[in-house]
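First the proteins, then the strands, lettered A, B, ... as listed; each starts at 1.
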Amino acid sequence: MKMLINVAETVVADALRGMAAAHPELVVDVDHRVIVRRDAPVEGKVALISGGGSGHEPLHGGFVGPGMLSAACPGEVFTSPVPDQMARAAAAAVDSGAGVLFIVKNYTGDVLNFDMAAELAEDEGIQVAKVLVNDDVAVTDSLYTAGRRGTGATLFVEKIAGAAADEGQPLGQVEAIGRQVNENSRSFGVALSACTTPAKGSPTFDLPPGELELGIGIHGEPGRERRAMMTSGEIADFSVGAILDDMTPRNPVLVLVNSMGGTPLLELYGFNAEVQRVLSERGVAVARTLVGNYVTSLDMAGASVTLCQVDEELLRLWDAPVKTPGLRWGM
Amino acid sequence: MKMLINVAETVVADALRGMAAAHPELVVDVDHRVIVRRDAPVEGKVALISGGGSGHEPLHGGFVGPGMLSAACPGEVFTSPVPDQMARAAAAAVDSGAGVLFIVKNYTGDVLNFDMAAELAEDEGIQVAKVLVNDDVAVTDSLYTAGRRGTGATLFVEKIAGAAADEGQPLGQVEAIGRQVNENSRSFGVALSACTTPAKGSPTFDLPPGELELGIGIHGEPGRERRAMMTSGEIADFSVGAILDDMTPRNPVLVLVNSMGGTPLLELYGFNAEVQRVLSERGVAVARTLVGNYVTSLDMAGASVTLCQVDEELLRLWDAPVKTPGLRWGM
Amino acid sequence: MLDAAFFRRWMTATAASVDREAERLTALDSPIGDADHGSNLQRGFHAVTAELEKEDPQTPGAVLTLAGRHLISTVGGASGPLYGTLLRRTGKALGDAGEVSEAEFAQALRAGVDAVMTLGGAAPGDKTMIDSLVPAVDALSDGFTAARAAAEEGALATTPLQARKGRASYLGERSIGHQDPGATSSALLIAALTEAAGE
Amino acid sequence: MLDAAFFRRWMTATAASVDREAERLTALDSPIGDADHGSNLQRGFHAVTAELEKEDPQTPGAVLTLAGRHLISTVGGASGPLYGTLLRRTGKALGDAGEVSEAEFAQALRAGVDAVMTLGGAAPGDKTMIDSLVPAVDALSDGFTAARAAAEEGALATTPLQARKGRASYLGERSIGHQDPGATSSALLIAALTEAAGE
Ligand SMILES: Nc1ncnc2c1ncn2[C@@H]1O[C@H](COP(=O)(O)OP(=O)(O)O)[C@@H](O)[C@H]1O
Ligand SMILES: Nc1ncnc2c1ncn2[C@@H]1O[C@H](COP(=O)(O)OP(=O)(O)O)[C@@H](O)[C@H]1O
Ligand SMILES: [Mg+2]
Ligand SMILES: [Mg+2]
Ligand SMILES: [Mg+2]
Ligand SMILES: [Mg+2]
């Protein structure tokens with residue numbers, strides 16, 4: 001599998017250099033792998049820090065900026081960042097008093113590394129709270145697993161908690177809002193092809209023509225189940241169905257129809273039409289819809305759907321201005 | 001090649017339905033294939049209308065909105081729209097007095113269909129001007145070809161002329177600005193893989209592992225030349241070199257580092273780092289950089305570089321607020 | 001003499017052969033184009049046959065102008081305006097006669113082909129539909145079967161050419177060695193004349 | 001007795017065998033993981049050997065705590081904190097003695113493995129590195145070679161298991177039939193003890 005890279009070893013560093021050049025409004029520390037808002041630390045403002053393996057762009061680095069994250073810590077491709085990165089980000093992004101909120105996708109590696117970073121930051125006298133994102137309904141019997149994965153809902157948590165933090169809400173409240181968003185969110189993803197990591201150089205699994213993987217995560221792992229290829233409409237029925245089996249929204253929802261990276265926008269918009277059809281058939285009201293590449297898995301073809309129930313307050317925070325490379329409106 | 005679609009025949013209609021659902025701020029006429037700003041026609045404002053084959057999303061439909069296009073006309077995949085679409089768009093989007101500017105990529109089909117549409121619109125008493133976009137330096141001996149293709153510069157023309165139109169500048173001046181932007185722009189693209197059209201269902205050409213195509217367009221055609229695979233740095237040297245062989249910028253440039261669709265953002269940012277290195281080595285000053293999926297070719301892996309020389313006035317218009325699904329800032 | 005029914009049969013026969021050959025036309029449009037020629041013409045000729053049913057035009061000229069108009073408003077791409085113009089101008093040249101002779105048709109078709117050359121700027125040898133249309137028109141005085149053979153030969157003869165018009169031209173020398181999809185579909189159009197005539 | 005030089009040799013030998021086996025570890029991490037285990041450990045053990053050169057720690061405990069610290073700050077993923085904790089806790093349990101007996105080392109390593117189980121929450125049979133580390137520690141009283149055999153057997157025995165920790169667990173029953181990459185790298189770590197001892 002060909003890639004537009006120099007060598008596998010420098011992929012993340014190269015991308016950070018390119019990000020620095022494209023986004024002078026961010027401070028990109030290529031050596032220490034931390035991306036920080038240029039205006040940080042903002043006095044009295046809770047700092048939001050997230051991070052995770054690279055390969056999911058624009059998540060997380062592309063969501064740093066006013067109205068969203070204070071800082072992001074990119075690991076190697078599909079590899080959680082190390083604690084030093086988050087500790088450094090906390091020191092750089094945080095106003096000593098207000099504290100920092102870690103937004104952590106629920107993977108063993110992410111949890112362990114952020115926990116260790118929290119210890120380091122607390123040693124420096126920084127107050128740390130944490131929101132764990134675990135929205136993926138494809139992981140069912142979570143008693144016998146590492147629990148549900150964090151996927152598309154991460155965007156909702158980062159955006160909505162980010163808006164609350166930018167309004168000056170205190171740490172406990174920003175944390176509570178982040179948790180509420182996560183609890184209100186569910187995702188389901190499918191793959192039409194595997195992705196290729198730079199380190200491996202070939203697809204992470206074999207998917208014959210005529211088959212698809214249902215219930216995939218965002219790290220090139222196979223899903224829960226392999227089936228004969230389905231139409232866009234059938235995939236929407238299955239994906240939205242899996243979500244609604246697990247949650248019955250009483251309030252309107254935010255809808256994220258997300259490409260895993262390799263599925264073009266033309267197909268993705270068509271898939272959105274089917275997702276909206278299923279939602280309307282199931283009586284779910286839609287408040288806002290976002291269609292695009294947001295939480296990707298390198299070049300994987302496929303898509304995921306995330307729904308997030310919102311009350312008026314969460315919707316207000318969703319609509320609040322945001323100015324990041326990956327998500328921008330109102331400023 | 002698997003696709004997230006229902007059937008090939010409905011791909012464009014399905015995408016338009018999905019676009020309508022995601023973007024209530026646009027009027028999407030699925031039957032007649034016209035996407036119009038909800039506030040159109042704006043009194044006294046020149047209407048900007050573009051269009052072309054589908055498969056290049058977000059171009060053009062994703063660039064409809066305040067500060068950019070008044071309307072877009074999507075054809076079938078890689079097939080120029082028909083004259084009726086542009087005539088309908090002109091009637092819907094235009095204030096009778098101010099006139100309409102067609103922004104047309106230089107392909108035989110696009111030129112012929114827009115010309116026929118201009119006749120239809122003029123029959124209705126609408127004044128029509130046209131900017132032809134032809135920025136692709138890969139097409140060299142244009143005496144013996146259909147001339148240079150229109151690719152990445154389309155975004156610059158649509159944005160900058162769109163800003164001028166929204167300021168209320170008259171048709172002749174908006175047209176002149178559009179032409180100036182096109183004349184100041186050059187592009188070059190490479191493919192690491194072919195794309196797959198829904199109608200054909202298999203890649204449009206064979207590209208063995210270990211080879212790439214240099215000088216490709218945005219319609220899945222092979223390029224001018226096939227070579228052994230190159231590094232990101234070498235591709236940047238070649239692509240920027242081809243552009244600078246053809247244009248010596250005196251002013252700073254806008255840089256568009258564009259994914260053909262299948263190349264993920266992680267790689268694209270890394271490629272941007274190399275593009276910026278070459279520009280700095282060649283003494284070209286960079287005013288702004290845009291990195292992402294903007295003028296795509298379905299799922300093709302690869303990237304293109306577009307440079308556009310800007311003086312202070314063009315830069316001011318570039319920076320002016322824009323509010324479209326695909327490009328948004330300042331509002 | 002050729003009446004409106006003949007020209008309707010021509011269009012129906014063309015639609016049927018485009019349906020049969022659509023995949024091949026798209027395949028020819030892959031190495032040197034954008035892989036849509038077959039589906040473009042299918043869409044267009046489906047519309048043409050449906051509209052002929054609906055509007056039921058009564059003269060040769062009306063049949064062809066109607067067909068041309070609908071090709072223009074349904075095909076898109078380069079071939080839509082070009083084929084649309086071909087049929088529309090041919091139809092216009094036929095005027096409103098209820099029947100026309102083969103010689104009148106040959107003359108009208110030449111006017112149509114001339115209009116395509118004016119519109120698209122292509123000359124014979126540029127590796128386009130012109131390379132089968134021009135020989136076909138030249139041979140038409142010897143009958144439909146001769147025209148068909150000339151068109152087919154013209155289409156085959158595009159293979160060694162380097163394209164100078166249309167998107168194949170972007171490939172430069174790499175366009176050599178591939179048969180032009182538009183010349184191939186033009187040969188189908190001309191061949192359909194023999195079917196319409198029952199030859 | 002085992003001195004600081006022995007533990008340095010252990011780390012160097014581990015680094016070398018991780019280098020040799022990196023592709024295989026990543027390949028094992030493909031069907032049931034995310035295809036990074038080999039490159040993760042390579043990055044970590046390169047850092048460890050470089051830092052051991054630079055800082056030149058003088059006691060067994062210092063060697064292992066330094067190694068563990070650098071694994072934590074360079075590997076990332078699940079294996080970084082887990083292997084880092086393993087070595088750091090083992091090192092801490094060794095205190096600041098200049099030399100330790102094999103029995104003392106076995107006891108310290110058990111403390112390290114216990115810490116990994118506490119941190120990661122995995123028990124034997126969950127298809128993780130624990131499945132080769134626990135049998136290795138149990139066998140350590142019979143010498144390094146016995147520990148190595150036990151670790152390798154433990155790694156092989158993960159194949160029929162269904163994963164209950166780590167990202168392989170997301171696959172449910174589909175994780176059955178694949179050897180766990182972390183158990184495999186643990187076996188390399190334990191095997192490197194025999195190399196360090198010159199056995
Ligand atoms: N300028 C031209 N004059 C005559 N025929 C042309 C011209 N440009 C293209 N063609 C014909 O059109 C054919 C391509 O048609 P089609 O694939 O439907 O359109 P597009 O190239 O827009 O995708 C070519 O094979 C060629 O025969
Ligand atoms: N909770 C856990 N306890 C013990 N070992 C674990 C746990 N989770 C994962 N592992 C081990 O880590 C290995 C994966 O390591 P690696 O691929 O480097 O990290 P990641 O899974 O984050 O990509 C697994 O094969 C397994 O042996
Ligand atoms: Mg990993
Ligand atoms: Mg076309
Ligand atoms: Mg074509
Ligand atoms: Mg892994």
Side-chain angles (χ1 to χ4, degrees), chain B residues 8-9 33 51-53 55 73 75-85 87 107-116 120 136 138-149 194-206 215-226 297, chain C residues 22-23 25-44 46-47 68-85 88 116 118-122 125-129 162-175 178 182:
Chain B
E9 288 68 29
R33 307 210 166 173
C73 304
E76 283 296 320
V77 173
F78 292 169
T79 303
S80 334
V82 298
D84 314 48
Q85 290 171 266
Y107 300 97
T108 307
D110 291 54
V111 171
L112 296 179
N113 284 285
F114 271 90
D115 280 352
M116 290 186 166
L120 296 176
D136 185 353
V139 181
T140 43
D141 47 357
S142 46
L143 268 183
Y144 297 98
T145 68
R148 282 183 164 172
R149 297 174 287 220
C195 58
T196 300
T197 63
K200 181 151 187 282
S202 61
T204 51
F205 55 86
D206 282 328
I216 50 117
I218 57 174
H219 295 94
E221 319 94 322
R224 293 285 301 196
E225 200 182 328
R226 186 167 287 195
S297 189
Chain C
E23 272 193 38
L25 294 174
T26 291
L28 287 173
D29 199 27
S30 290
I32 58 168
D34 58 353
D36 63 357
H37 191 55
S39 44
N40 284 350
L41 291 189
Q42 265 192 304
R43 191 171 53 252
H46 283 183
R69 221 171 51 238
H70 284 287
L71 288 181
I72 290 173
S73 65
T74 57
V75 174
S79 58
L82 292 169
Y83 274 124
T85 296
R88 219 159 61 116
V116 172
T118 307
L119 183 63
D126 285 351
K127 196 176 183 120
T128 70
M129 56 175 71
Q162 174 169 341
R164 292 201 281 209
K165 289 288 166 193
R167 57 182 77 246
S169 71
Y170 304 136
L171 283 170
E173 294 182 357
R174 290 178 80 186
S175 66
H178 300 275

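Comparing C:P31, C:A22, C:S73 by how many heavy-atom pairs each has under 4.5 Å with chain B, the most go to C:S73. Across B:K200, B:E225, B:R226, the residue that shares the most heavy-atom pairs under 4.5 angstrom with chain C is B:K200. Note: C:P81 leads C:P81, C:G38, C:S39, C:A78 in heavy-atom pairs under 4.5 Å with chain B. For the options B:D84, B:D206, B:I216, heavy-atom pairs under 4.5 Å to chain C are most numerous at B:D84. Contact tally against chain C (heavy-atom pairs below 4.5 Å) for B:T204, B:N113, B:T108: the top residue is B:N113. Interface check for chain C: of the options B:G75, B:P222, B:A194, the most heavy-atom pairs under 4.5 Å are formed by B:P222.
Within the 4.5 angstrom heavy-atom criterion, no atom of B:Q85 approaches chain C. Contact annotation for B:Y107: both backbone and side-chain heavy atoms come within less than 4.5 Å of a heavy atom of chain C. Heavy atoms of C:T85 lying under 4.5 Å from chain B belong exclusively to its side chain. Only the backbone of B:V77 has a heavy atom closer than 4.5 Å to any heavy atom of chain C. At a 4.5 Å heavy-atom cutoff, the contact between C:A163 and chain B is made by backbone atoms alone.
Counting heavy atoms of neighbouring residues, nucleotides and ligands inside a 6.0 Å radius, atom CZ of B:R33 exceeds 12 of them.
Looking at every heavy atom in both residues, B:S297 comes nearest to B:G220 through OG-N, 3.6 Å.
The side-chain heavy atoms of B:F78 and B:T197, taken from C-beta on, include a pair separated by under 4.5 Å. Two residues are said to be in side-chain contact when any heavy atoms from C-beta on lie closer than 4.5 Å; C:H178 and C:L171 fail this criterion.
Separating the CZ atom in C:R167 from the CZ atom in B:R149 is a distance of 9.0 Å, to the nearest 0.5 Å. For the atom pair OG (C:S169) and CZ (C:R164), the distance works out to 10.5 Å, reported to the nearest 0.5 Å. Rounding to the nearest 0.5 Å gives a distance of 9.0 Å between CD of B:E9 and CD of B:E76. Within the model, atoms CG of C:L82 and CG of B:L112 stand 5.5 Å from one another, a figure rounded to the nearest 0.5 Å.
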